[in-house]
Structures are given as structure tokens and as C-alpha cells.
Amino acid sequence: MRTLPTLLAALLLSGCWWEGPVFYPPDPAAEQPLQPGLYEVTDSDGKVERTRIVRAPDGSLVPGPEERKKDNSKLFFVRLPVPGRDLWISEMISTDPAKAGAAYGLVEPRGDIITHNIVIDCDSTADLVRAAGGVVEEKEGANLTCRFNDAASLERALRAYAAEHPVLDQELGLKRVGD
């Protein structure tokens, strides 16, 4: 099983997700759905690992010191208002200057488990992205990449995605198990 930091790094490099510039700069005063601490992370195959999440001075969430050796990306979350749901936009920010920007997904806390669709596959959502004002890029021999040039089109697409998914698929489930 890949560790959470390795998974995050691989997703940033793969390029078939929902991407764009950093729309929501980290803010140390912003509420986040994850608190710093030790987490059990369950992948979609039911495999479990433990990882530490810490809050960086800029307000983003980053892997703990051991995990950071493998991954320097950071996460920041912004609430996505959807009636009857507790949804958060997941912004996975690359800290590699050659890979500027972010990949976007959704988070939904359910009881003591936080379901995290780290990124949303572009191939299966291209029509939804176009309808929301995003751009679908096709490169020969590669998967589609969905790009958003503004936060408004990203949020329209995420709301449409949420409407089609009344319960998020558990790509990753996170449960806080310690400080």
C-alpha cells in the first residue's frame, strides 16, 4: 500500500484530475475539517496505515516530519456550502516550483471518519466540468486534464459533482486516533 504522502505526490504528478491555480491561499485562522494529530488512513481497498498531520505556520496541513521526507505537498480546505451536507473543498498545493498550482477534491466528515476524495477523475466528469465553465484538455496518449481558471467555475463543478454523489466514495477515510 502506498503511504498517504506518496499517494499525494503521485496524484500531483499524474495530471488527469481537476486542477488550477491556488484559489484559496492557506490562512492560519481558517477552520479546517482535520485537526493536527495522528490519523488512521483507510484506502478504498480497506488497507490501514497511520500518519501524522501537522498544521504549518501558513495554516496548511502537512504530513508529519517522517512523512514529509517523501512528500512536500500541503493541503488546505475551504467549506463548500451545499444544503444538508458538510462538504469541504480539498486543495492539494504543490510546493514544487516546477508544478505550480493545485489539485482539487472534496472532503465530507461523517461521524468520526472524514471521507476524502483527494482528487476527482477528469475522464469521467469532463461534461460536468465543461458545463460549469472549466476547460478539458486532451493530450495525445494521455488522460484528460480538467482545468479551472477561476474559483467560481470550480465551485459550480464541485456542487454538480456532489449532487451526483449524495455519498462520496471513500477514496481515503481518515480517523483521528491521537495527538
Side-chain angles (χ1 to χ4, degrees), residues 1-27 30 32-34 39 41-44 51 53-56 58-63 67-68 70-80 82 87-109 114-139 142-162 164-165 168-174:
M1 179 172 108
R2 288 194 254 176
T3 63
L4 179 61
T6 303
L7 180 61
L8 294 176
L11 291 171
L12 277 174
L13 297 172
S14 63
C16 58
W17 314 109
W18 289 19
E19 301 176 351
V22 175
F23 296 126
Y24 314 100
D27 176 357
Q32 297 291 278
L34 296 173
Y39 283 82
V41 181
T42 306
D43 71 10
S44 59
T51 192
I53 296 174
V54 297
R55 188 125 188 207
D58 70 356
S60 63
L61 296 168
V62 296
E67 292 89 348
R68 221 170 310 162
K70 302 172 202 155
D71 175 36
N72 285 325
S73 63
K74 55 188 180 176
L75 290 168
F76 189 68
F77 302 95
V78 177
R79 199 176 285 281
L80 179 67
V82 173
L87 292 173
W88 296 75
I89 299 169
S90 169
E91 181 177 59
M92 186 171 40
I93 304 167
S94 172
T95 57
D96 178 350
K99 305 267 184 219
Y104 290 93
L106 281 175
V107 166
E108 186 167 30
I114 297 170
T115 300
H116 192 180
N117 286 151
I118 295 179
V119 291
I120 300 169
D121 174 59
C122 184
D123 291 336
S124 62
T125 59
D127 291 339
L128 181 148
V129 167
R130 287 185 188 104
V135 176
V136 178
E137 296 178 356
E138 299 181 50
K139 295 179 182 167
N143 292 330
L144 300 177
T145 298
C146 293
R147 294 205 186 279
F148 297 89
N149 295 317
D150 58 80
S153 62
L154 171 67
E155 291 174 16
R156 279 191 300 274
L158 287 169
R159 283 188 182 91
Y161 180 85
E164 291 180 4
H165 297 85
L168 294 182
D169 299 329
Q170 184 168 318
E171 187 173 291
L172 286 179
L174 295 101

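All of these numbers come straight from a predicted model, not from anything done at the bench. These values consider heavy atoms only, across backbone and side chains, with no hydrogens, waters or symmetry-generated copies.
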**Message:** Any side-chain to backbone donor/acceptor pair from Q32 onto L61? Under 3.5 Å, distance only.
**Reply:** no

Point to revise | Test item: E91 side-chain N/O and F23 main-chain N/O as donor-acceptor pair under 3.5 Å | key: yes

Residue set satisfying salt bridge (Lys or Arg N to Asp or Glu O under 4.0 Å) with R147, at least two apart, ordered chain then number -> E19, E137

Tightest non-hydrogen contact, residues C122 and V136, listed as SG-CG1, 4.2 Å

Donor-acceptor side-chain pairing of S94 and D96 below 3.5 angstrom: no

d(I53 CD1, S60 OG) to nearest 0.5 Å is 11.5 Å

Heavy-atom closest pair (V107 atom, L168 atom, distance to 0.1 Å) is C-CD1, 4.1 Å

- How about V22 and F76: do any of their side-chain heavy atoms sit closer than 4.5 Å? no

After noting the C-alpha distance and the side-chain angles of T125 and E164, does the key distance pass the side chain to side chain contact (heavy atoms under 4.5 Å, CB included) rule?
CA-CA 11 Å; T125 59; E164 291 180 4; 5.9 Å; no

Taking every heavy atom of I114 against every heavy atom of P33, the minimum-distance pair comes out as CD1-O, 3.3 Å

Decide yes or no for I93 and L75: does some side-chain heavy atom of the first lie under 4.5 Å from some side-chain heavy atom of the second?
no

Margin query: Do I120 and C146 make a side-chain contact, defined as non-hydrogen atoms from C-beta onward lying under 4.5 Å apart?
Written below: no

P63 and V54 have their tightest heavy-atom pair at O-CG2, 3.8 Å

Scanning both residues in full, the closest heavy-atom pair of S153 with G134 reads CB-N, 4.3 Å

Sequence neighbours excluded, the answer for salt bridge (Lys or Arg N to Asp or Glu O under 4.0 Å) partners of R55 is none

Specify whether F148 and W18 have parallel, tilted or perpendicular ring planes, treating 30° as the upper limit for parallel and 60° as the lower limit for perpendicular. tilted

